[in-house]
Trainee: 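Please find one structure pasted underneath; my questions will follow.
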Amino acid sequence: MGGAEQAYVNEAFASNWVSTVGPNITAFEREFENIIGLPAVALTSGTAAIHLGLRLLDIGPGDDVFCQDLTFVASANPIRYLGANPIFIDSEYGTWNMDPALLAKALHECAGRNRLPKAVVVVHLFGQCADMDAILEICDKYEIPVFEDAAEALGAFCNGRRAGTLGAAAAFSFNGNKIITTSGGGMLVARNVRWVERARFWSTQARDVGMAYEHSELGHNYRLSNVLAGIGRGQLQVLPGRVSQRRAVASNYIHAFAELPGISPMPEAPNSLHTRWLSCFLIDPEEFGCSRDDLMHRLDRASVESRPVWKPMHLQALYRDCPHYGGAVAEDLFRRGICFPSSSSLTIEDQLYVINQVRIAVGADPLPEISTALLAV
Ligand SMILES: Cc1ncc(COP(=O)(O)O)c(C=O)c1O
């Protein structure tokens, strides 16, 4: 927590606005809009934001929707909630996100069969934007809307523009593990203010205007509570600091592993700002002298928790039967990718401990300290 959250939560309790209406919700949305520059609606989760966002794009039963293959399952599930068919597109090594060349090939092929997807769900993984200029250019050609899953990328930039402001609509997550949190929550943004109003209406059970409980559309119970919005208001104040802290952690790992063979950081794409929500690296087992899995086990024995990169959707039992374009890059990143401890609360001593456990795992000398020269963001 940053410090101001408790006061906003206390206000909610003192005023008894503890449900899904109240001053914190309105203020949280306004404050988020001031940062992002688009109308926003606060919801219970990032998944809810993707679900409503895809509803706004009129996705329905039988539609095809392209989705990034390498992602967390919540990017794809809302496609299924709506009865549509996910089709997965592989990543490129430059960003770890959707490969624009493969997307172009897939769309060309679908156009040839006269069966274009209704939308494309692009993900900005681990705090890094996909190559949005290329992706938007291709999708514009076929007049297909792009939905940005920016759940992991609040604070990231692509060519000077914020992640989540480039497509037709976007979702952010405030899950407990994200760069800022409301304990659980999400935000949906869109260029079109009427879309955001529509999503707000759906998020509160789509109750029609008037005294009686009239419903002419299907709604959801997806509105964020005023208590949690209070946490969000405090967290927004510390967002720039959190991005700097995450980048500093990544920068320390990058410098400390620079001379080790066979370990390379997730690249930061040119003209972009990667928040380094997670510090991810690729292991080449031959050169590194230890496989990704062995490294994870050794770290675990030293009480350091690490995680593999997301398992691609085309390898999931849930989505095994869905068509996919490519998949080899996502599989490689999944098999060789590792996420090191990345929290903004890690002390220098914590980071040095992680660094040295990795170095010891491959027989390199431990570092005596993290040089302050390396701490620049
Ligand atoms: C890429 C991605 N999309 C969607 C989500 C879903 O967000 P939430 O957990 O807030 O529903 C997450 C994280 O949980 C995520 O990492």
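For this chain, numbers begin at 1 and follow the sequence in order.
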Trainee: Can you check whether Ile263 reaches Leu282 side chain to side chain, under 4.5 Å on heavy atoms?
Mentor: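 No. Closest side-chain heavy atoms not under 4.5 Å.
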Trainee: For a 4.5 angstrom cut-off between non-hydrogen side-chain atoms, does Val65 reach Ile87?
Mentor: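 Val65 vs Ile87: side chains apart.
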Trainee: How close do Arg223 and Ile25 get, heavy atom to heavy atom, and via which atoms?
Mentor: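 That would be NH2-CG2, 3.3 Å.
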Trainee: Without swapping roles, check the side chain of Arg292 against the backbone of Phe334 for a donor-acceptor pair under 3.5 Å.
Mentor: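 Present.
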Trainee: For Trp202 and Glu217, test the side chains for any donor-to-acceptor distance below 3.5 angstrom and give the result as yes or no.
Mentor: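 Yes, because at least one side-chain N or O of Trp202 sits under 3.5 Å from a partner of the opposite role on Glu217.
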Trainee: Establish whether Phe28 and Ile35 are linked, either directly or via other cluster members, by ILVMFWY side-chain heavy-atom contacts under 4.5 Å.
Mentor: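 Yes.
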Trainee: Tyr142 and Ile89: same hydrophobic cluster, using ILVMFWY side-chain contacts below 4.5 Å?
Mentor: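 Same cluster.
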Trainee: Are any of the side-chain nitrogens in Glu331 or Arg335 under 4.0 Å away from the carboxylate oxygens of its partner?
Mentor: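 Answer for the salt bridge query: yes.
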Trainee: Mind running side-chain hydrogen bond (donor to acceptor under 3.5 Å, both in side chains) on Gln68 and Asn97 for me, showing each step along the way?
Mentor: CA-CA 7 Å; Gln68 189 162 310; Asn97 291 309; 2.9 Å; yes
Trainee: Does the pair Glu31/Arg233 count as a salt bridge with the N-to-O cut at 4.0 Å?
Mentor: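 Arg233 and Glu31: salt-bridged.
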Trainee: For Ser19 and Val21, indicate whether the former's side chain and the latter's backbone hold a donor-acceptor pair under 3.5 Å.
Mentor: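 Looks like no, no N/O pair under 3.5 Å.
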Trainee: One thing to verify: whether Asp293 and Arg298 come together as a salt bridge, which I'm taking to mean a side-chain N less than 4.0 angstrom from a carboxylate O.
Mentor: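 The answer is no: the pair does not qualify as a salt bridge.
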Trainee: Would you say the side chain of Asn85 lies within less than 4.5 Å of the side chain of Asp63, judging by non-hydrogen atoms?
Mentor: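 Asp63 does not reach Asn85 side chain to side chain.
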Trainee: For the ring pair Phe72 and Phe126, is the centre-to-centre distance below 6.0 Å?
Mentor: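 No, the ring centres sit 6.0 Å or more apart.
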Trainee: Could you please spell out the steps behind the side chain to side chain contact (heavy atoms under 4.5 Å, CB included) verdict for Leu38 and Arg191?
Mentor: CA-CA 6 Å; Leu38 291 177; Arg191 275 169 210 294; 4.2 Å; yes
Trainee: Are the side chain of Gln128 and the backbone N or O of Pro267 linked by a donor-acceptor pair below 3.5 Å?
Mentor: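 At least one qualifying donor-acceptor pair exists.
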Trainee: Any salt bridge linking Arg359 with Asp365? Criterion: basic side-chain nitrogen under 4.0 Å from a carboxylate oxygen.
Mentor: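 Asp365 and Arg359: not salt-bridged.
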Trainee: Can you hop from Ile254 to Leu367 via hydrophobic side chains spaced under 4.5 Å?
Mentor: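 Yes.
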Trainee: Please evaluate residues Ser216 and Asp208 with respect to the criterion side-chain hydrogen bond (donor to acceptor under 3.5 Å, both in side chains), reporting the C-alpha separation (whole Å), side-chain torsions for both, the decisive distance (0.1 Å), and the verdict.
Mentor: CA-CA 7 Å; Ser216 43; Asp208 293 337; 2.8 Å; yes
Trainee: Is the shortest distance from a Lys or Arg side-chain nitrogen in Glu33 or Arg30 to a carboxylate oxygen in the other one below 4.0 Å?
Mentor: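 Salt bridge between Glu33 and Arg30, a charged N being under 4.0 Å from a carboxylate O: yes.
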Trainee: What's the verdict on side-chain hydrogen bond (donor to acceptor under 3.5 Å, both in side chains) for His274 and Arg246, showing C-alpha distance, side-chain angles and the deciding distance?
Mentor: CA-CA 10 Å; His274 187 329; Arg246 298 259 174 176; over 6 Å; no
Trainee: Examine Val123 and Met132 and state if one hydrophobic cluster contains both, with Ile, Leu, Val, Met, Phe, Trp and Tyr joined whenever side-chain heavy atoms are less than 4.5 Å apart.
Mentor: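 Shared cluster, no.
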Trainee: Counting only N and O atoms by type, is there a donor-acceptor contact under 3.5 Å from the side chain of Gln235 to the main-chain atoms of Thr181?
Mentor: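 Confirmed, Gln235 side chain pairs with Thr181 backbone.
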Trainee: For the residue pair Thr47 and Ala74, what are the closest heavy atoms and their distance?
Mentor: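 Looking at all heavy atoms of both residues, the shortest contact is OG1-CB, 3.6 Å.
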Trainee: Is there a donor-acceptor contact under 3.5 Å linking the side chains of His314 and Asp69?
Mentor: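 The criterion, which ignores hydrogens and geometry beyond distance, is satisfied for Asp69 and His314.
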Trainee: Hey, mind stepping through Phe340 and Phe257 against ring-ring contact (aromatic ring centres under 6.0 Å, His included) and telling me if it holds?
Mentor: CA-CA 12 Å; Phe340 291 124; Phe257 302 147; 5.7 Å; yes
Trainee: Is there a donor in the side chain of Thr26 and an acceptor in the side chain of Glu29, or the other way round, less than 3.5 Å apart?
Mentor: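 No.
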Trainee: Find out whether Asn226 and Thr20 are in side-chain contact, i.e. whether some heavy atom of one side chain is under 4.5 Å from a heavy atom of the other.
Mentor: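 Of all side-chain heavy-atom pairs linking Thr20 with Asn226, none is under 4.5 Å.
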Trainee: Test your reading of the model: is there a side-chain donor-acceptor pair from Asn24 to the backbone of Val227, 3.5 Å cut-off?
Mentor: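 Flag not set: sc Asn24 to bb Val227 has no pair under 3.5 Å.
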Trainee: Run Ser91 and Asp99 through side-chain hydrogen bond (donor to acceptor under 3.5 Å, both in side chains) and show every step you take.
Mentor: CA-CA 5 Å; Ser91 284; Asp99 178 347; over 6 Å; no
Trainee: Establish, from distance only, whether the side-chain atoms of Asp332 and Tyr93 form a donor-acceptor pair under 3.5 Å.
Mentor: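 Yes, a side-chain donor-acceptor pair sits under 3.5 Å.
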Trainee: Heavy atoms, side chains only, cut-off 4.5 Å: are Val209 and Glu214 in contact?
Mentor: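 Contact flag for Val209/Glu214 side chains = no.
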Trainee: Closest heavy-atom contact between Cys322 and Arg80?
Mentor: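 Nearest pair, atom of Cys322 first, then Arg80: SG-NH2, 3.6 Å.
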Trainee: Taking the six-membered ring for Trp, are the ring centroids of Phe32 and Phe172 within less than 6.0 Å of each other?
Mentor: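 Ring centres of Phe172 and Phe32 closer than 6.0 Å.
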Trainee: Is Val249 close to Arg276 at the side-chain level, that is, under 4.5 Å between some pair of heavy atoms?
Mentor: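 Sidechains of Val249 and Arg276: no contact.
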Trainee: Tyr319 and Phe88: aromatic ring centres closer than 6.0 Å?
Mentor: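 Yes, close enough.
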Trainee: Is it true that a side-chain atom of Glu148 and a backbone atom of Ala163 form a donor plus acceptor pair closer than 3.5 Å?
Mentor: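 Here the side-chain-to-backbone pair does not exist.
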Trainee: Would you check if there is a donor-acceptor pair between the side chains of His51 and Tyr222 at a distance under 3.5 Å?
Mentor: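 Per modelled atom types, Tyr222 and His51 side chains form a pair under 3.5 Å.
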Trainee: For the pair Asp90 (side chain) and Ala328 (backbone), establish whether a donor and an acceptor sit closer than 3.5 Å, ignoring hydrogens and angles.
Mentor: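 Looks like yes, one N/O pair under 3.5 Å.
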Trainee: Would you mind reporting whether Gln351 and Ile370 have side-chain heavy atoms less than 4.5 Å apart?
Mentor: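 Side chain of Ile370 against side chain of Gln351, heavy atoms only: contact under 4.5 Å found.
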Trainee: Measuring only between side-chain heavy atoms, which start at C-beta, is Leu236 closer than 4.5 Å to Ile180?
Mentor: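 Yes, their side chains come closer than 4.5 Å.
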